[in-house]
Structure formats: C-alpha cells, structure tokens
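Remarks on the structure that follows.
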Amino acid sequence: MSTILQALRGMNDILPDEAERWEAYEFVLAAWAKSYGYRPLRTPLVEPTALFRRAIGEVTDIVEKEMYSFTDQLNGDHVSLRPEGTASCVRAVLQHNLLYDGPKRLYYHGPMFRHERPQKGRYRQFHQFGVEALGWLGPDVDAEHILMCARLWEELGIEDLRLEINSLGSAEERAQHRHALLAYFESHAGQLDQDASRRLHSNPLRILDSKNPDMQTLIRGAPMLIDHLGPDSKAHFDAVRGLLTEAGIQATVNSRLVRGLDYYNRTVFEWVSDRLGAQGTVCAGGRYDGLIAQLGGKPAPACGFAIGLERLMALVEDHPPAPTSTEVYVIHQGDEAATVAFAVADEMRRVGMSVILNCGGGSLKTQMRRADASGAVLAVIVGEDELRSGEVTLKPLRAQGEQWRTSRTDYIEQVAELLLGQNEDEQLEDENGRTGS
RNA sequence: GUGGCGGUAGCUCAGAGGUAGAGUCCCGGAUUGUGAUUCCGGUCGUCGUGGGUUCGAAUCCCAUCCGCCACCCCA
C-alpha cells in the first residue's frame with residue numbers, strides 16, 4: 001500500500017458504478033438548463049489568481065485560505081484552480097464580448113477546488129452545475145432561476161429542500177447597513193465571542209450568521225439589512241417574491257442569509273436539506289449586478305446560481321438511474337472461431353448494438369458465466385460446430401426460450417428482433433412499476 | 001485551520017498482548033459444448049504507514065496519512 005500513490009486528500013476517484021450515475025445526472029441537468037434557453041459555456045480550470053481575488057473578494061475565506069494558488073514555474077504567472085464558476089464565466093463573457101448583441105443565458109459544469117478540511121458533502125475537488133443570466137436587471141430572471149430549481153427538484157423526486165431567500169440590497173445600501181451594524185456591535189463589544197470579534201471589521205455581516213447560542217439575543221437586536229433597503233431594492237425583492245408566490249413556490253425570508261462571496265447584491269437564495277448534516281446547502285446563488293463592471297466590463301446586471309453535484313446526488317442515492325447494459329455477449333471456441341467472432345461482434349456493433357466480445361479465452365462454461373454476469377440479453381456462440389455449418393447459436397439469457405442456430409447471413413435480424421422484444425418487456429415492467437407504487 | 005471518533009482480504013465486518021478469521025466476491029472443478037442454485041476445492045492481507053514498549057504487538061504508546069463528525073466556511 002505504501003508504495004501505491006493515493007489521490008490527494010479530499011479528491012475522489014469516481015468509479016464506474018458511480019460514474020454512470022454522474023453521466024446520467026449531467027445529461028439530465030444539461031437538458032434541463034437547455035429547456036430554459038441556457039447554452040453551455042466551458043472555461044479553463046486554471047485562471048489568473050487576480051481574477052478570483054477581484055471577483056470573490058480579498059477578505060473572503062475562499063481567497064484568504066482556500067484557493068489552490070501557485071506560481072507557474074515556467075513563466076512566473078500567478079495562477080489558481082478555480083474555486084467557483086461565476087468569475088470565469090464573467091471573464092469569458094467579457095473577453096469575447098458575448099453581451100454585444102444582448103443578454104445571455106449560460107450554464108456550465110465541472111470541478112471546482114477549495115482547500116478545506118474534507119467531510120461528507122465537502123471535498124477539495126467538488127463539482128458544480130452553474131447557471132448564469134447576464135444582462136437582465138430582473139426581477140423576472142431572479143424568479144426564473146428559483147423556479148427552475150424547484151422544477152428540477154420535482155423532476156428528480158426531491159421533496160424536502162427548503163428555500164431561503166433574502167435581499168442584500170445595493171452596494172450603497174449594504175455600506176450603510178454595514179456602518180449601522182458596526183456601530184451596534186462596537187457598542188456591545190463586550191458581548192461578542194471570539195469569532196465575532198475577529199469578523200467585526202473584516203465582515204460584520206457574517207456575525208449575523210453565527211450559530212453561537214450566546215450571541216442570539218445580541219444578533220436579534222442588530223440592525224436588519226432589510227430595513228436599509230431603498231425603494232428600488234425593496235420593490236425588486238417584493239417582485240421576486242410575488243412571482244414565486246404566483247408559481248406556488250414557498251420561500252422563507254431569512255434576513256440572516258449572507259453569501260460568502262463579496263459580489264452578491266439584492267436577491268440571494270439557498271436551497272437547504274436537513275439530510276446532509278452540516279453541509280446542507282445543495283444549491284445557492286443570487287444577483288451580482290456589480291461584478292461585470294468590477295472586472296472591467298461595460299456595466300451590466302447579472303445573476304446566477306450553482307448546484308453542488310455531490311450534495312444533490314447524495315439526496316437521491318436511493319433511486320439511482322439505471323445504468324445502460326450490454327446487449328450481446330459473443331462466445332467462441334477455437335482459433336478460427338475467434339476470428340469469426342471478432343467479425344460477428346463488429347457487424348453487430350455497426351448496426352448500433354452494444355456488444356462484448358469474450359476476451360482472454362476460457363471454457364464454454366466460463367464464457368457463459370461471464371455472459372451472464374455482463375448483464376447481456378443474449379449470447380451469440382461461435383463454436384466449432386457453428387463454424388463448420390456457417391451458422392451461429394443465439395441463446396437468450398434473460399427471457400424464456402431455448403437457444404437456436406441460424407445462418408451467419410441473417411442472424412443480425414433475429415438478434416435485433418430479440419433485443420426489441422426485450423426492450424418492450426422492460427418498458428412494460430417500468431410502467432407497471434411506476435403506476436404500481 | 002481547531003477539536004472528537006475511526007482505519008483488519010476487492011467489499012461488509014469479528015478479533016482487544018500468544019500461529020490473522022467469517023460472510024461475500026473472485027478463480028477452478030462436479031465424465032469432454034452451456035448461466036442460477038447446490039456441493040467440493042483454492043487465491044487473497046507488510047492488520048493504513050513509520051517508529052517505540054515487550055520474550056512476543058492487529059491489540060499498548062508516539063508520530064503521520066486517509067476517512068467520518070462537529071466547528072469554521074460553503075456547493
């Protein structure tokens with residue numbers, strides 16, 4: 001063991017059983033995003049460190065202590081593995097001037113990197129599916145994002161996510177509130193715990209989020225951000241909530257909901273599960289109207305959110321999508337038959353069947369066992385007898401019925417028929433299963 | 001990053017100073033070309049790693065790595 005190198009801490013291999021689930025989810029999520037008019041964007045995993053420092057904020061935990069940052073040995077560039085997707089997305093949009101002909105709906109997915117202490121649902125390399133709408137002022141887009149999440153949970157059969165939403169107001173309103181907050185906490189400095197004292201000047205908003213029971217009274221008395229919202233921000237927030245109510249989506253306003261990235265303003269939201277322990281946030285996002293200008297673009301509003309794929313998939317572990325299975329397993333005996341079997345497998349694959357050709361020899365019994373274990377619907381046997389008569393043997397492995405021999409010129413049609421019949425049976429079973437439960 | 005718990009066969013786990021085990025999986029066989037079940041046989045481990053204590057360590061001690069839980073924070 002000691003001589004075998006391991007994956008880095010908090011970075012996981014996704015083995016075939018799980019990887020099949022991943023592919024299924026990636027497919028479902030991409031189709032979902034597309035159905036709302038979002039288009040894919042792929043950006044590099046490595047970006048200039050400055051991008052994240054400017055976008056996420058210098059004093060955030062992510063930038064201060066969680067980024068994989070290093071110096072490119074060859075040219076001295078300061079680069080970082082991306083800790084989230086929005087910064088890269090905005091960078092790409094600006095670099096290629098994608099907003100030149102109007103607003104854009106975009107989605108992305110892939111690995112993100114944060115150097116945190118791993119736990120279940122929290123990894124150093126984790127995966128997000130992100131959705132961004134750039135160029136719309138809202139509140140319709142804000143509501144669209146929350147709505148599409150709700151519909152996705154329905155589609156995936158997740159029923160216990162609760163929605164928390166808040167408004168952070170504009171940058172000016174936040175600054176005002178920060179002032180009031182600072183004054184309040186400074187006048188009660190004696191009641192602040194260690195964490196709160198530390199955050200007092202770096203990020204006083206975060207004090208509101210403290211879980212320390214001794215702090216709750218103090219926090220309840222603190223100035224509320226929502227009371228510092230101007231008429232525009234208030235109208236925006238009300239409009240978002242109105243649209244959600246119209247759509248029948250229940251949201252809890254959590255005035256202490258604060259996102260960990262500096263770029264957020266106005267609407268922020270989180271979908272939270274109680275089944276994931278301390279890592280309950282499955283999906284979160286909000287509006288970031290200032291970021292585009294902050295990164296040097298022509299000012300434009302935007303909002304977006306990201307889903308943590310590990311967390312999402314942990315919620316539906318009990319109902320994994322069925323993996324696609326092999327249809328045909330080709331068995332053969334003897335050198336000459338091996339050549340024929342090779343060609344037979346190739347022929348079937350070229351008409352679209354998924355075929356495993358037995359490799360590595362083995363007795364007929366052994367090969368039959370492998371065929372059974374492969375999940376194939378049908379075994380095609382090429383033995384010495386078949387070779388002499390120019391035939392193959394077809395043996396159904398799942399359905400009733402005996403094996404039979406057929407000529408090598410027309411066996412494919414019979415295989416196709418058999419597979420078709422099998423698929424119909426499965427669909428029937430599927431439907432019965434669904435209506436029956 | 002802080003604190004707590006854990007790591008024994010590919011997998012699930014028992015063993016708590018005295019010869020490393022069970023189930024499962026995998027492999028081979030049960031009269032020569034056929035899957036499940038059953039029966040028989042077999043492989044598998046530096047007991048996470050490295051030190052220390054001891055006549056003797058999977059077992060006790062220290063360090064370290066990895067995982068889990070809480071904090072911090074977040075998807």
Side-chain angles (χ1 to χ4, degrees), chain A residues 1-12 15 17 56 60-66 82-86 109-131 149 161 193-196 198-199 203 206 209-212 257-261 268-273 276-285 304-315 329 331-334 337 358 360 362-387 393-398 402-403 405:
Chain A
M1 269 308 238
S2 60
T3 54
I4 296 174
L5 294 170
Q6 302 184 37
L8 294 180
R9 184 176 199 193
M11 303 200 181
N12 300 306
L15 304 181
D17 282 346
I56 297 168
T60 57
D61 279 18
I62 291 177
V63 168
E64 275 182 343
K65 50 189 199 201
E66 294 173 4
R82 63 182 186 192
E84 58 101 45
T86 301
H109 64 99
M112 308 293 165
F113 303 85
R114 292 183 199 171
H115 192 108
E116 297 181 277
R117 184 130 167 195
Q119 242 174 278
K120 191 197 288 276
R122 188 174 71 183
Y123 307 101
R124 290 186 174 176
Q125 174 173 336
F126 61 103
H127 298 77
Q128 288 187 333
F129 189 100
V131 168
C149 290
L161 285 182
D193 65 10
Q194 209 177 347
D195 272 334
R198 177 173 59 78
R199 291 191 283 215
N203 199 342
R206 215 79 76 72
D209 224 11
S210 168
K211 286 173 189 162
N212 184 346
L257 177 61
V258 172
R259 316 263 46 258
L261 294 76
V268 291
F269 65 90
E270 279 189 12
W271 291 91
V272 186
S273 168
L276 299 177
Q279 278 69 237
T281 304
V282 174
C283 168
F305 64 93
I307 298 170
L309 291 181
E310 284 85 354
R311 293 180 186 180
L312 178 73
M313 290 172 65
L315 286 179
Y329 194 100
I331 290 171
H332 53 91
Q333 293 268 274
N358 185 76
S363 67
L364 193 68
K365 184 191 187 76
T366 299
Q367 294 191 47
M368 278 302 297
R369 244 202 306 262
R370 289 177 189 155
D372 187 49
S374 77
V377 172
L378 166 87
V380 172
I381 304 169
V382 187
E384 279 159 18
D385 294 350
E386 287 87 347
L387 203 61
T393 294
L394 306 185
K395 182 179 173 73
L397 296 173
R398 309 295 154 204
E402 289 301 303
Q403 65 187 48
R405 284 204 194 176

Reckon [X] touches a base, only the sugar-phosphate, or nothing at all at heavy-atom distances under 4.0 Å?
X        : answer
A:Thr366 : sugar-phosphate
A:Ala278 : base
A:Arg370 : nothing

Please tabulate, for the side chains in residues 372-383 of chain A, all donor-acceptor contacts under 3.5 angstrom to protein atoms that are two or more places apart in sequence or on a different chain.
residue	atom	partner	partner atom	Å
A:Asp372	OD1	A:Arg398	NH1	3.1
A:Ser374	OG	A:Ala371	O	2.7
A:Ser374	OG	A:Ala376	N	3.1

Checking [X] now: which residues fulfil side chain to side chain donor-acceptor pair (under 3.5 Å) with it, not counting sequence neighbours?
X        : value
A:Glu386 : A:Thr393
A:Gln125 : none
A:Thr281 : A:Glu270
A:Glu66  : none

Pick the [atom1] atom in [N] and in [M], then give their distance to the nearest Å.
N     : M     : atom1 : answer
B:A14 : B:U8  : P     : 10 Å
B:U49 : B:C55 : C1'   : 26 Å
B:G45 : B:C25 : C1'   : 16 Å
B:G51 : B:A58 : P     : 14 Å
B:A22 : B:C44 : P     : 13 Å
B:C11 : B:U19 : P     : 26 Å
B:G67 : B:U12 : P     : 15 Å
B:A16 : B:G7  : P     : 14 Å

Tell me, please, which residues at least two apart from [X] pass side-chain contact (heavy atoms from CB on, under 4.5 Å).
X        : value
A:Arg369 : A:Lys365, A:Thr366
A:Lys120 : A:Tyr123
A:Glu384 : A:Arg388

How long is the line joining [atom1] of [X] and [atom2] of [N], in whole Å?
X        : N     : atom1 : atom2 : value
A:Gln279 : B:A75 : CD    : C1'   : 10 Å
A:Arg114 : B:G1  : CZ    : P     : 17 Å
A:Gln367 : B:G28 : CD    : P     : 11 Å

Handout entry: A:Arg117, A:Glu116, A:Arg122 screened by side chain to side chain donor-acceptor pair (under 3.5 Å) with A:Gln119, the one that passes
Key =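 When A:Arg117, A:Glu116, A:Arg122 are each tested with A:Gln119, the side chain to side chain donor-acceptor pair (under 3.5 Å) holds only for A:Arg122.
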Distance, nearest 0.5 Å, that separates [atom1] of [X] from [atom2] of [Y]:
X        : Y        : atom1 : atom2 : value
A:Phe129 : A:Ile307 : CZ    : CD1   : 7.0 Å
A:Gln367 : A:Asn358 : CD    : CG    : 3.5 Å
A:Glu310 : A:Asn12  : CD    : CG    : 7.5 Å
A:Met112 : A:Gln128 : CE    : CD    : 5.0 Å

Exercise for the section: Tell me which of A:Leu276 and A:Gly280 sits closer to the 5' end of RNA chain B, going by the nucleotide each one is nearest to. Expected result: A:Leu276
Collect all protein-nucleotide pairs involving nucleotides 42-45 of chain B in which both atoms are nitrogen or oxygen and the distance is under 3.5 Å.
none

Quick test: give all pairs of protein nitrogen or oxygen and nucleotides 66-68 of chain B nitrogen or oxygen below 3.5 Å, distance rounded to 0.1 Å.
residue	atom	partner	partner atom	Å
B:G67	OP1	A:Gly10	N	2.8
B:G67	OP2	A:Arg9	NE	2.8

Pairing check on [N]: which nucleotide meets the Watson-Crick or G-U wobble criteria with it, both distances under 3.5 Å?
N     : answer
B:C71 : B:G1
B:U59 : none
B:C13 : B:G21

Exercise for the section: Can you see which heavy atom on A:Phe269 is nearest to which on A:Phe305, and at what distance? Expected result: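 For A:Phe269 and A:Phe305, the tightest heavy-atom pair comes out as CZ-CB, 3.5 Å.
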Practice task
Could you encode protein contacts along nucleotides 32-39 of chain B as a string, one character per nucleotide from 5' to 3', using B for base contact, S for sugar-phosphate-only contact and - for no contact, with a heavy-atom cut-off of under 4.0 Å?
Solution key: -BBBS---
Exercise for the section: Can you check whether any acceptor in the base of B:A75 is under 3.5 Å from a donor in the side chain of A:Glu116, or vice versa? Expected result: yes
Every protein N/O within reach of nucleotides 9-13 of chain B N/O, cut-off under 3.5 Å:
none

Practice task
Would you confirm whether A:Arg124, through its side chain, and A:Met11, through its main-chain N or O, come within 3.5 Å as a donor-acceptor pair?
Solution key: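 Such a contact is absent between A:Arg124 side chain and A:Met11 backbone.
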